[in-house]
Q: 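If you scroll down you'll find the structure; I have some questions about it.
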Amino acid sequence: MKKDTRDLVLGIDLGGTKVLTGVINSRGKVVSCDRDITPVAKGQDAVVRTICESADRSVNGAGASVTDLVAAGIGIPGPSNPRTGILFTSPHLPGWCDVPIRSIMEEALGIKAFLINDANAAAVGELHFGAARGARNMIYITVSTGIGSGVIIDGEIYTGSNGTAGELGHMTIDDNGPRCNCGNNGCWESVASGTALAREARKRINEGARTSILDYVGGEVEQVTAKVIHQAAQDDDSLAKELIQHSAYYLGVGLANLLNIFNPEVIVIGGGLSNMGDRLLQPAYKEAERRAFKRNYQDVRFAQAELGHNSGIIGAAIFALEQMNKKD
Ligand SMILES: [Zn+2]
């Protein structure tokens, strides 16, 4: 008997180091999935081929073939326009400039495809099947090496006039702050990300601060990461605790801005730094409470992301499904 594939969608999460593909059903369940290495250095055609091969393995795992599926959703980091399907640039795909990736994938896969920014995809995933189920207005942020984000307004991802809205990680928090990758100074991600935390730790260590942080990295100051700082804080290192408090402060300043601008029902926080849990998040919420409109703080629920590393493929697939349903 032929398998019923009417509610199966292909989700693709294309990163600079790995490609994830998965067959997702309309209830957000990952039916089967696959991962491969992104052959960035070999160029665009090789990357597209790798995506298609991984998609084939995913779809075979679900007992179907690609052309049986409803559509494909592809999530990629970097600014893009979901309406035209053009990827403007991507921080992890050097040389990719104004690439019509949606039509390229449609051609390669033989089904309808939709493009979405990776953090926006994760926001859509958390909205429908993760920590923000049932919300109409929500903000998703992922705090890791940078701060990625997605804004959901009235049940829909908000992408602005050319598709690039919702880059909350690049709101200015400290006008004289550190240089950000985007060229601005003092963006949220330049003061509150894992990269910022590690940078501050290295600076303080180089200035001679007393700390056990270096014991976790064999004395190599360049090896200090947010994860190591968290470990040291768990072991009661006072510099590590102070640095995390400092990150929490900036995280809270940004959250207060979001509460006042968007008045969301839920703010979902994911990414590596959110694994620090209460040590980082509780002081961040306190700082947000101190700064935001009282009613906006009272009416928001903060939640940790639930979908983990599958959020990208689930969100991209559900976004594609939503777009297909709109066409009907
Ligand atoms: Zn920036």
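Start at 1 and go down the list; that is how both ligands and their atoms are numbered.
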Q: Considering only Ile, Leu, Val, Met, Phe, Trp and Tyr, and joining two whenever side-chain heavy atoms are under 4.5 Å apart, list the other residues clustered with Ile37.
A: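 Same cluster as Ile37: nobody, lone residue.
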
Q: List the residues meeting side chain to side chain contact (heavy atoms under 4.5 Å, CB included) with Ile153, not counting sequence neighbours, and say none if there are none.
A: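 Ile153 satisfies side chain to side chain contact (heavy atoms under 4.5 Å, CB included) with Asn137, Val151, Tyr158 only.
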
Q: May I ask you to check whether Ser54 and Asp34 show a side-chain donor-acceptor distance below 3.5 Å?
A: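 Short answer, yes.
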
Q: Could you give all pairs that pass the salt bridge (charged side-chain N to carboxylate O under 4.0 Å, His left out) test and reach residues 143-167, with sequence neighbours left out?
A: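 Sorted result for residues 143-167: Arg136-Asp154, Glu156-Lys326.
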
Q: Enumerate the protein N/O/S atoms at a distance below 2.8 Å from the Zn ion (ligand 1), ignoring waters.
A: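 The answer is His170 ND1, Cys180 SG, Cys182 SG, Cys187 SG.
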
Q: Give a yes or no on whether Lys227 atom NZ has more than 12 heavy-atom contacts from other residues, nucleotides or ligands under 6.0 Å away.
A: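 For Lys227, atom NZ is not crowded (no more than 12 foreign heavy atoms under 6.0 Å).
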
Q: Any chance the side chains of Gln234 and Arg279 put a donor and an acceptor closer than 3.5 Å?
A: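 A pair is found: one side chain offers a donor N or O, the other an acceptor, under 3.5 Å apart.
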
